[in-house]
Amino acid sequence: MSDSVATNTSTALGAAPTFDQFGLAADILKAVRESGYTTPTPIQAQAIPVVLAGRDVMGAAQTGTGKTASFSLPIIQRLLPSANTSASPARHPVRALMLTPTRELADQVAANVQTYSKHTPLRSTVVFGGVDMNPQSDALRRGVEILIATPGRLLDHVQQKTVNLGQVQMLVLDEADRMLDMGFLPDLQRILNLLPKERQTLLFSATFSPEIKKLASTYLRNPQTIEVARSNSTATNVRQIVFEVHESDKSGAVAQLIRERELKQVIVFCNSKIGASRLARVLEKDGIVATAIHGDRSQSERMQALDAFKRGEIEALVATDVAARGLDIAELPAVINFDLPFNAEDYVHRIGRTGRAGASGDALSLCSANERKQLADIEKLIKRPLEVEPLEVTMRARRDGATSAPRRDERFGRSERTEHRHGSRDEAGSRRRTAGTHDRPRGRQQPIDEFFLKPYEPSPSAMKRQEETVEPERKSAPKQPLAALLGGLGMPRKSS
DNA sequence: AAAAAAC
């Protein structure tokens, strides 16, 4: 409770802060107003004064808390006094650098910065991989004060000498934990070594792991810690339900949930790229407009998918964890976990796509017998048990192949449910609009509970079947020189 | 185990 400012505007509910209290320039406030924001979020209320004061920040905030504005607005403010209207590129050196782990996130942060700075003379641009370098190089050569980037492409530009980082006064590391997870540490170190030592550094991370603390102690100076929602907790306005389903029923379950709950727009998370593509195809066949977004799709496909989803042209965006963090899609009513993530933290990030900015949302997760470990990990992380209920999948998902763990659970009794899966293709197709919408299976007890209680153990016949049917995995050549990557890990190079 | 990110 650091409320030295708002004493005379306080109400019964306490201070009702406004953006006016921060002393931001009129041109910035105008842009904020035009964006429709009137009241700062908690992270904004805390971070903006600290950033304006020039201090380093170690911020823990869930996405959807208004984090981007919490650093963008004060950075724009601090750059403003020396903003230059000259056309000369030399008058527009990069003075603020913002790094993000994924291309989509970079693009989104850049859009925010663009919005908030539109009435100022400040220029900004974004660079990330997967797209032509030339337009980026042109923009950099024309000069920008604010640069948003993913690390790899930024280093590429550094090498091409299309950008100079020697005058950066402010650095933002957004989703820093994610960047470390993704092996960006060596790249980050290279970039940090190019920056002036005299600078302001803002580090945002979902968690303060030992690795993050080490990064902070190496590169931040006397940072102010700002924590809004306890990390690893989940928003209370997100209703979380776990549905027990057989692995092979998952596609049908997704389609059924979308239909039954009349979900207009939903992100469905899968653990694998192949699984995401397959599920998107299956949903399409079931008449749900779906598109997959993952790292094996081209950048233009990724951007098109996201744009179409934002425009409301797509009902189901089937995604890998490329979309788990940071993406801000307005008023998403629900997310579905087709697979439970291997990493419990990713669960928190995934469900953070719904229930944003105070709206309520549903996080619906499918859990098969072989995912109990992940479920337990998640409950441990969020420190509470999740509501688990059986889901009878009445929709016949056609030729359900959309699973990363094929047929591992065939042994579980499904005799009384197989009838749903034996209809002919046409029959299933003709009833798919209505199937699952009126028979409510909720009350009926299924023997499905049973397999959650027993440790998973494939039957000998299932094992045999798998050996026979599963193709030996093809090992692809390593995509990057691992030794080079390992060289930089864990040991920050001494720079001073 | 899987995903992401520079060419």
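Atoms considered below: every heavy atom in the structure, side chains included; atoms not considered: hydrogens, waters and symmetry mates.
Remark: A:S272 is not in phosphate contact with B:dA1, judged by side-chain N or O atoms under 4.0 Å from OP1 or OP2. Taking 4.0 angstrom as the limit, A:R103 places a side-chain polar atom (N or O) nearer than this to OP1 or OP2 of B:dA6. Remark: A:K273 is in phosphate contact with B:dA4, judged by side-chain N or O atoms under 4.0 Å from OP1 or OP2. The shortest distance between the side-chain N/O atoms of A:T320 and the OP1/OP2 oxygens of B:dA4 is below 4.0 Å. The shortest distance between the side-chain N/O atoms of A:R350 and the OP1/OP2 oxygens of B:dA3 is not below 4.0 Å.
Per the geometry, CD belonging to A:Q299 stands 11 Å off P belonging to B:dA4, to the nearest Å. Atom CZ in A:R297 sits about 16 Å away from atom C1' in B:dA3, given to the nearest Å. Distance A:D187 CG to B:dA4 C1': 12 Å, rounded to the nearest Å. For A:Q374 and B:dA2, the CD to C1' distance is 11 Å, given to the nearest whole Å. The CE atom of A:M133 sits 8 Å away from the C1' atom of B:dA6 (whole-angstrom rounding). Between the P atom of B:dA2 and the CG atom of A:D346 lies a distance of 14 Å, rounded to the nearest Å.
A donor-acceptor pair under 3.5 Å links the side-chain atoms of A:S217 to the main chain of A:K214, judged by distance alone.
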Discussion item. Under the criterion side chain to side chain contact (heavy atoms under 4.5 Å, CB included), I'd like the reasoning laid out for A:R384 against A:Q240: C-alpha separation, chi angles, the key distance, then a yes or no.
Written reply: CA-CA 11 Å; A:R384 68 183 163 99; A:Q240 302 173 60; 2.9 Å; yes

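The two atoms that bring A:T291 and A:R297 nearest to each other are CG2-NH1, 3.3 Å, heavy atoms only.
Rounding to the nearest 0.5 Å places CD1 of A:I293 at 12.5 Å from SG of A:C270.
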